[in-house]
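Take a look at the structure set out below.
So that the names make sense, note that chain A is the first sequence line, chain B the second, and so on, each numbered from 1.
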Amino acid sequence: MSRGSGGGYDRHITIFSPEGRLFQVEYAFKAVKAAGITSIGVRGKDSVCVVTQKKVPDKLLDESSVSHLFPVTKYLGLLATGMTADSRSLVTQARNEAAEFRFQYGYEMPADILAKWIADKSQVYTQHAYMRPLGVGKFCTHFPTYLHIYTSTFAMVLGMDEERGPLLYKCDPAGHFYGHKATSAGMKEQEAINFLEKKMKENPAFTYDETVQTAISALQSVLQEDFKATEIEVGVVRADNPIFRCLETEEIEEHLTAISERD
Amino acid sequence: MGDSQYSFSLTTFSPSGKLVQIEHALTAVGSGQTSLGIKASNGVVIATEKKLPSILVDEESVVTNVNQMSLLQVQKIQHLTPNIGVVYSGMGPDFRVLVRKSRKQAEQYNRLYKEPIPVTQLVRETATVMQEFTQSGGVRPFGVSLLVAGYDDKGPQLYQVDPSGSYFSWKASAMGKNVSNAKTFLEKRYTEDMELDDAIHTAILTLKEGFEGEISSKNIEIGKIGADKIFRVLTPAEIDDYLAEVE
């Protein structure tokens with residue numbers, strides 16, 4: 001009779017369970033949801049918009065340092081949903097990778113290539129039990145320490161491609177990545193995807209304003225609350241301005257007003 | 001590679017002499033989307049279901065040539081060399097790793113011997129990689145089975161490689177969710193003197209057997225290689241033509 005669950009380690013490190021599952025990967029997905037934030041990304045005809053909640057847990061915190069939206073290069077943005085520390089580490093590595101790409105190949109790293117690189121990195125963590133990110137110290141104890149450090153983040157990569165137009169990619173902790181017309185990550189991921197599927201069903205070609213407003217109203221609908229401009233972060237790239245930009249509070253305010261007047 | 005704390009294999013023998021991690025990997029393969037391959041007298045065809053997690057996933061491509069390396073569209077069937085293609089059942093991210101390693105091995109062979117790598121050699125090297133991950137320290141086996149289709153001087157060939165690293169040459173094979181129905185269907189339909197077009201029709205019919213929902217050029221992928229020794233993924237338009245012929 002076989003031993004069954006591999007000595008119980010299938011829950012500690014990334015080895016297979018008897019049903020062929022990777023529990024650590026599944027737990028990483030749960031950790032993303034536990035962060036309590038939901039993010040949305042929408043791709044329009046000539047622009048991409050990502051929106052995420054900005055939850056500042058303490059009034060004494062400097063809100064400008066609470067951000068999940070990161071420029072990776074001038075033209076590529078990354079929205080990281082999940083554990084903040086893992087996100088920051090990922091962004092640092094992504095920035096390095098994009099800069100090296102530009103140096104090596106002489107042109108800007110496209111969004112899909114960056115997404116693939118992030119996804120391949122996540123896959124390594126799902127297969128190698130001991131992989132750890134930069135800068136964590138080693139220590140010895142009596143008991144074997146299962147250092148299966150894992151990246152519990154969903155990364156949405158957005159950018160304008162010269163030939164192919166607006167691009168939105170999402171990478172998950174398991175190493176999957178797809179291009180999306182619209183997508184979501186975080187606590188209310190499934191509800192948001194259901195909402196967006198309805199909106200995108202007829203393959204609409206959203207203008208810039210429609211793209212931003214669809215993203216924001218999706219978040220409002222799914223969380224069932226109306227936001228103030230300071231409670232969300234919005235990042236965009238557009239054909240007439242391919243630089244990745246976080247919207248100012250006033251601009252967010254305008255879009256929120258437009259949404260409420262529309263309804 | 002890596003931590004000394006992990007210089008022991010995670011894939012160890014059970015008291016009954018089995019390597020349970022490999023069996024679990026096979027279970028992971030068995031819950032993946034169905035894929036299959038058929039070797040004809042004048043070529044090989046491989047095919048797979050392509051069920052995407054949501055309609056929001058972008059499967060359309062701005063690029064008209066599906067045989068260009070483009071990440072814009074989801075493509076499960078991949079080239080390893082111009083005359084060897086591969087499809088998988090199981091975990092997509094693991095497949096990407098193997099594709100990358102195999103492509104590199106093929107190119108290294110080409111650089112050394114100034115000729116394209118024979119199909120058997122590439123299959124052997126890929127299988128060796130997969131076996132290493134069942135015995136090396138601190139890693140788990142790959143959660144994919146591969147179907148490698150190629151055409152070289154020895155003619156058309158189809159190989160299946162499993163997570164254990166064992167590989168066999170097949171006349172026709174299937175993997176994934178619907179494997180037993182598909183294999184039974186293939187056993188009935190396969191003939192030694194089948195031509196490539198017949199094989200493509202049979203492949204479509206086999207996929208149709210266990211297909212949930214309506215089969216269309218958007219939710220399957222087909223790759224073929226003929227005596228021209230060029231592996232090609234069929235365009236959605238070509239798949240539509242074959243689907244119409246099958247009706």
- Item | Gln108(B) atom CD, neighbour heavy-atom count above 12 within 6.0 Å | yes
Distance col, row Asp58(B):CG vs Thr183(A):OG1, nearest 0.5 angstrom, shows 11.5 Å
Applied to residues 167-177 of chain A, the salt bridge (charged side-chain N to carboxylate O under 4.0 Å, His left out) test, sequence neighbours excluded, yields Lys170(A)-Glu189(A)
* Is the closest side-chain heavy-atom distance between His24(B) and Ser17(A) below 4.5 Å? -> no
One option among Ser31(B), Pro53(B), Gly90(B) has the most heavy-atom pairs under 4.5 Å with chain A, and it is Pro53(B)
Report task. Assess the side chains of Thr126(A) and Arg140(B): does a donor N or O sit below 3.5 Å from an acceptor N or O? Result -> yes
To the nearest 0.5 Å, atom CG of Leu56(B) lies from atom CZ of Arg43(A) at 10.5 Å
Stepwise side-chain hydrogen bond (donor to acceptor under 3.5 Å, both in side chains) check, Gln123(A) with Asp94(B): CA-CA 7 Å; Gln123(A) 190 282 336; Asp94(B) 286 8; 2.5 Å; yes
| field | More than 12 heavy atoms of other groups within 6.0 Å of Lys183(B) NZ | value | yes
query = Any side-chain heavy atom of Gln21(B) within less than 4.5 Å of one from Ile15(A)?
reply = yes
Exercise. Are more than 12 heavy atoms from other residues, nucleotides or ligands located less than 6.0 Å from atom NZ of Lys104(B)?
Worked result: no
Taken to the nearest 0.5 Å, the spacing of Ser54(B) OG from Lys181(A) NZ works out to 8.5 Å
Quiz item: With a 4.5 Å limit on heavy-atom distance, are the side chains of Val97(B) and Asp120(A) in contact?
Solution: no
inquiry  = Within a 6.0 Å radius of atom CD on Glu214(B), are there more than 12 heavy atoms belonging to other residues, nucleotides or ligands?
reply    = no
Q) Are more than 12 heavy atoms from other residues, nucleotides or ligands located less than 6.0 Å from atom NZ of Lys199(A)? A) no
* Is the shortest heavy-atom distance from the side chain of Glu23(B) to the side chain of Phe16(A) under 4.5 Å? -> no
Whatever's closer than 4.5 Å to a heavy atom in chain B on Leu168(A) counts as neither
Where the side chain of Arg21(A) meets the backbone of Ala28(B), is there a donor-acceptor pair that is under 3.5 Å apart? no
Residue pair Phe177(A) / Pro93(B), side-chain heavy-atom distance below 4.5 Å: no
If one checks every heavy atom of Glu19(A) against chain B at 4.5 Å, the contacting part turns out to be backbone
ring-ring contact (aromatic ring centres under 6.0 Å, His included) filter on Phe101(A), not counting sequence neighbours, yields Tyr105(A), Tyr107(A)
When rounded to the nearest 0.5 Å, the distance separating NZ of Lys198(A) from CD1 of Ile55(B) is 10.5 Å
Applying a strict 4.5 Å limit to non-hydrogen atoms, the region of Ile22(B) in contact with chain A is neither
Max heavy-atom pairs within cutoff under 4.5 Å with chain A, candidates Gly92(B), Ala25(B), Gly17(B), goes to Ala25(B)
